[in-house]
Protein chains: 2
Amino acid sequence: MNYVLNKGILLKKAEEEFSTASTEDKNIALKKVSESLENHREDILENNAKDIELEKKNNMKSGLIDRLRLDNERLDGIIEGINTVIKLPDPIWKSDKVWTLENGLTISKMTVPLGVIGIVYESRPNVTVDAFSLALKSGNCIMLRGSSSAIHSNKAIVKAIKEGLKSSNISEEVIQFIEESDRQHVYDMLKANEYIDLIIPRGGKGLIDFVVKNSSVPILETGIGNCHVFVDKNANLKKALNIVNNAKTQRVGVCNACETLLVHEAIADKFLPMVFEKIQSIVEIRGCTKTREIIEVKEAKESDWKEEFLDYIIAVKVVKDIDEAIEHIQNYGTKHSEAIITENFTNAQMFLRKVDASTVYVNASTRFTDGGEFGFGAEMGISTQKTHARGPVGLEQLITYKYLVIGDGQIRK
Amino acid sequence: MNYVLNKGILLKKAEEEFSTASTEDKNIALKKVSESLENHREDILENNAKDIELEKKNNMKSGLIDRLRLDNERLDGIIEGINTVIKLPDPIWKSDKVWTLENGLTISKMTVPLGVIGIVYESRPNVTVDAFSLALKSGNCIMLRGSSSAIHSNKAIVKAIKEGLKSSNISEEVIQFIEESDRQHVYDMLKANEYIDLIIPRGGKGLIDFVVKNSSVPILETGIGNCHVFVDKNANLKKALNIVNNAKTQRVGVCNACETLLVHEAIADKFLPMVFEKIQSIVEIRGCTKTREIIEVKEAKESDWKEEFLDYIIAVKVVKDIDEAIEHIQNYGTKHSEAIITENFTNAQMFLRKVDASTVYVNASTRFTDGGEFGFGAEMGISTQKTHARGPVGLEQLITYKYLVIGDGQIRK
């Protein structure tokens with residue numbers, strides 16, 4: 001029996017009792033974990049420093065080093081995140097559908113935990129705590145596989161979590177961390193259908209593609225966002241400019257940032273110079289031929305329409321109408337978040353109805369696609385697939401349901 | 001570009017227009033299809049006779065020949081099934097969740113089609129029509145891959161469907177049938193993530209295991225049901241006997257039939273002879289050691305606890321209490337349908353809460369796990385997985401959703 005499956009057995013055993021844990025027990029456990037993280041603050045920061053030192057020697061890029069780094073303030077934020085989850089309503093054992101058949105059987109569709117969630121993630125050690133606390137609150141056990149670059153940080157964090165659980169009524173076995181960095185373990189997780197009910201990859205395109213291609217366990221594909229803002233002929237250009245600026249520059253390294261701007265040809269002469277003036281000092285603009293007849297920018301290549309830049313770069317294309325805009329989005333988008341800026345009612349409705357994405361906007365920034373902004377309290381990522389859950393994944397997306405059928409001797413005729 | 005991907009391209013093209021088709025256009029198209037099937041009755045039956053003849057030469061078992069056979073009455077039933085689907089409410093572009101954020105953004109969670117559904121199925125040609133009509137009503141395009149044994153029947157049926165669509169406002173391209181029997185085509189479907197949004201396998205364990213193991217397209221695992229009835233100490237034995245008899249014998253070749261009977265030891269002496277008398281003339285009983293001390297039956301082997309007999313065979317085990325019953329179900333069940341027969345309130349609640357299955361019963365036959373019985377009108381199968389949809393899969397499980405966000409210039413702070 002291999003390393004991963006052994007962890008799987010422990011989780012499935014823990015699941016039996018844990019799946020029906022009370023909200024009170026779960027909240028107390030989360031509180032104990034947050035206190036334990038506080039108590040292990042020094043140990044966690046020391047181990048994080050070890051990871052940073054090693055990765056500096058490995059010449060990791062400074063942006064990635066920053067994602068890996070923990071300090072007192074970031075740890076405060078992580079611990080505070082647990083308190084947010086404690087305050088969220090428990091999503092388990094609820095129903096909004098109870099009905100009675102002619103034969104007298106009463107059927108209730110009840111929410112229940114998925115069972116065991118597997119997370120395969122890169123770099124950021126805060127994911128260890130965030131994912132654990134969402135899994136725990138939704139009654140799910142969790143198997144975590146972080147990247148080797150964060151191994152010391154993650155081990156210290158998991159140790160603190162387990163010590164917190166020890167002083168609660170929840171078994172410390174509900175969390176299992178893959179300590180060995182062997183890539184084979186990821187592969188084993190993806191094939192562990194008997195032990196893992198859902199796998200969520202969190203990281204770059206390479207990781208996500210690997211998981212999609214190889215997993216026979218159901219997955220929740222997250223994160224890749226090639227998002228567009230289309231500025232229609234009848235747009236209020238002041239609103240449009242604010243939204244484009246916000247969607248592109250408010251934070252660039254995130255999946256809901258705007259990567260391509262589409263501009264209706266009838267207003268391109270007026271709007272593109274406004275965009276240029278507003279963002280060109282900090283954003284590299286790559287334009288189509290028509291764009292470059294209006295503003296002096298680099299040429300956009302075919303690959304630029306496909307790219308999730310995650311950087312201060314934007315591709316700009318002039319389109320002849322809303323149909324061309326929608327067609328471009330269907331061809332190049334990743335079904336994440338798409339926006340139209342328009343005052344035209346019919347065009348707004350057409351865009352909302354026709355664009356196939358998790359979240360479609362009229363006159364607002366794509367940056368709102370986020371569990372926190374949506375009011376879900378916290379999120380496990382943004383799903384870009386259509387099955388199971390789409391868009392921000394909060395507690396209510398980490399569950400399944402079962403039907404209870406209550407009878408008095410009914411048999412089928 | 002290969003055969004399957006070419007079909008996929010046609011479907012994705014058809015999807016663009018079809019996904020927003022009106023309910024009226026969809027219902028008219030279904031009506032036209034039912035009329036066309038009526039008009040092609042002779043052709044369909046002739047082609048079915050061809051399949052039957054070929055499979056008789058291939059020495060197909062008589063049970064399978066019967067599943068393959070169409071006659072006027074069965075065709076009436078298939079056509080009538082379309083009329084049932086016409087009457088069902090359209091599941092698309094509805095919402096039960098609309099909310100407004102503090103910043104004034106209004107978010108609506110709207111139901112939308114999945115896009116393209118792939119069905120990989122065995123033998124029964126009625127699936128071709130049933131799956132098509134459910135897909136069409138839910139706004140989904142469909143790729144069908146039936147078994148080679150039904151190839152002539154299926155081709156004749158698809159031809160009739162397409163001719164029906166031609167006289168409607170829905171493109172005939174919304175249905176694509178894989179005509180070549182090459183097994184490689186199934187494999188290609190399972191890897192066609194760009195063109196197929198969900199694959200539903202319908203058939204035996206071999207087919208389903210192959211699809212689970214090889215698909216990188218999200219799947220809906222259906223059908224394997226190793227269902228249990230547990231007769232508790234405090235059961236009303238008359239109710240229990242009726243339910244066991246019904247769950248085992250009302251129809252044996254179905255996934256919601258009972259395969260193992262678990263009996264509390266305190267009532268085994270009394271109940272097992274009742275079961276024996278009731279069913280032994282038509283059902284082969286395979287018992288555990290304790291069972292065989294009470295009634296004279298064959299010995300159950302370890303493999304019998306795992307087996308979905310789909311036949312007039314039942315395994316019987318005496319258990320010392322509800323905990324052992326639940327443990328046995330968790331070890332051997334397939335998370336399909338599980339029943340407890342009891343008058344004890346606390347045990348009933350414990351069973352409902354603890355047993356992890358799509359449908360859990362108190363004092364009723366497992367045979368009710370069915371889209372029609374549940375009131376869904378029709379079904380695409382019974383899901384035994386936890387993600388996306390669990391239990392009977394009706395129109396409301398063949399969809400996804402997207403969020404519409406309506407703003408007036410909002411940007412993220």
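Here is how names work: the chains are called A, B, and so on, in the same order as the sequence lines, proteins then strands, and each is numbered from 1.
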Legend entry - Selection from B:Thr369, B:Asn246, B:Asp408, B:Leu220 maximising heavy-atom pairs under 4.5 Å formed with chain A: B:Asn246
Inset, instruction - Could you walk me through whether A:Phe374 and B:Val405 pass side chain to side chain contact (heavy atoms under 4.5 Å, CB included), step by step? - result: CA-CA 10 Å; A:Phe374 269 36; B:Val405 181; 4.2 Å; yes
Legend entry - Residue pair A:Asn256 / B:Arg412, side-chain heavy-atom distance below 4.5 Å: yes
Inset, instruction - Using a 4.5 Å cut-off on heavy atoms from C-beta on, say whether the side chain of A:Leu352 contacts that of B:Met110. - result: no
Inset, instruction - Heavy-atom distances under 4.5 Å only: say whether A:Asn245 touches chain B with side chain, backbone, both or neither. - result: neither
Legend entry - side-chain contact (heavy atoms from CB on, under 4.5 Å) partner of A:Lys402, chosen from B:Glu338, B:Arg390, B:Lys386, B:Lys335: B:Arg390
Legend entry - Proximal component of B:Ala357, with respect to chain A [non-hydrogen, under 4.5 Å]: backbone
Legend entry - Region of B:Leu105 in contact with chain A, defined by heavy-atom distances below 4.5 Å: side chain
Legend entry - Heavy-atom pairs under 4.5 Å with chain A, option from B:Val355, B:Leu114, B:Ile341, B:Ile219 with the top count: B:Leu114
Inset, instruction - Check whether any side-chain heavy atom of B:Asp197 lies under 4.5 Å from a side-chain heavy atom of A:Thr387, and answer yes or no. - result: no
Legend entry - Segment of A:Glu221 engaging chain B (4.5 angstrom heavy-atom cut-off): neither
Legend entry - Region of A:Leu101 in contact with chain B, defined by heavy-atom distances below 4.5 Å: side chain
Inset, instruction - Between chain A and each of B:Asn242, B:Ile399, B:Ile243, B:Thr366, count heavy-atom pairs under 4.5 Å; write down the option with the most. - result: B:Ile243
Inset, instruction - Using a cut-off of 6.0 Å, state whether more than 12 heavy atoms not belonging to A:Glu194 lie near its atom CD. - result: no
Legend entry - Least distance between heavy atoms, A:Ala364 atom then B:Gly407 atom: CB-CA, 4.3 Å
Inset, instruction - Count the heavy-atom pairs under 4.5 Å between each of B:Glu343, B:Glu17, B:Lys239 and chain A, then report the option with the highest count. - result: B:Lys239
Inset, instruction - Tell me, for B:Leu241 versus chain A, whether the close heavy atoms (under 4.5 Å) come from the side chain, the backbone, both or neither. - result: neither
Legend entry - B:Gln250 side-chain N/O to A:Lys413 backbone N/O, donor-acceptor pair under 3.5 Å: yes
Legend entry - Contacting moiety of B:Val112, where chain A heavy atoms sit under 4.5 Å: side chain
Legend entry - Interchain contact, A:Asn214 with chain B, by part (heavy-atom threshold 4.5 Å): neither
Inset, instruction - For A:Lys94, look at atom NZ and say whether over 12 heavy atoms of other residues, nucleotides or ligands are found less than 6.0 Å away. - result: yes
Inset, instruction - Decide if atom CZ of A:Phe210 counts as having more than 12 heavy atoms of other residues, nucleotides or ligands within a radius under 6.0 Å. - result: yes
Inset, instruction - Pick whichever of A:Lys213, A:Arg367, A:Lys109 has the most heavy-atom pairs under 4.5 Å with chain B. - result: A:Arg367
Legend entry - Which portion of A:Gln397 sits near chain B, non-hydrogen atoms under 4.5 angstrom: side chain
Inset, instruction - Please tell me if the side chains of A:Asn363 and B:Ile406 come closer than 4.5 Å, counting only heavy atoms from C-beta onward. - result: no
Legend entry - From B:Asn103 atom CG to A:Glu373 atom CD, the distance as rounded to the nearest 0.5 Å: 7.0 Å
Inset, instruction - Name the region of B:Val217, side chain, backbone, both or neither, that has any atom closer than 4.5 Å to a heavy atom of chain A. - result: neither
Legend entry - Engaged part of A:Leu190 at the chain B interface, taking heavy atoms whose separation is under 4.5 Å: neither
Legend entry - B:Asn236 portion near chain A, given a 4.5 angstrom heavy-atom threshold: neither
Legend entry - Proximal component of A:Thr20, with respect to chain B [non-hydrogen, under 4.5 Å]: both
Legend entry - A:Tyr401 atom OH, over 12 foreign heavy atoms within 6.0 Å: yes
Inset, instruction - Supply the atom-to-atom distance B:Glu396 CD to A:Lys97 NZ, rounded to the nearest 0.5 angstrom. - result: 4.5 Å
Legend entry - Among the listed options A:Asp370, A:Asp356, A:Ile326, A:Leu198, the residue most often paired with chain B at heavy-atom distances under 4.5 Å: A:Asp370
Inset, instruction - Would you check if A:Ile107 and B:Thr359 make a side-chain contact, meaning some heavy-atom pair closer than 4.5 Å? - result: no
Legend entry - Side chain, backbone, both or neither of B:Asn193 within contact of chain A (heavy atoms, under 4.5 Å): side chain
Inset, instruction - Considering non-hydrogen atoms only, spot the tightest contact between B:Tyr403 and A:Pro392 and give its length. - result: CE1-CD, 4.1 Å
Inset, instruction - Among the options A:Glu16, A:Lys191, A:His388, A:Gln330, pick out the one with the most heavy-atom pairs lying under 4.5 Å from chain B. - result: A:His388
Legend entry - When B:Ile411, B:Val362, B:Thr400, B:Asp96 are compared by non-hydrogen pairs under 4.5 Å with chain A, the top option: B:Ile411
Legend entry - Atom NZ of B:Lys354: over 12 foreign heavy atoms under 6.0 Å: no
Inset, instruction - Side chain from CB out, backbone as N, CA, C, O: work out which of these in B:Ser358 comes under 4.5 Å of a heavy atom of chain A, or both, or neither. - result: backbone
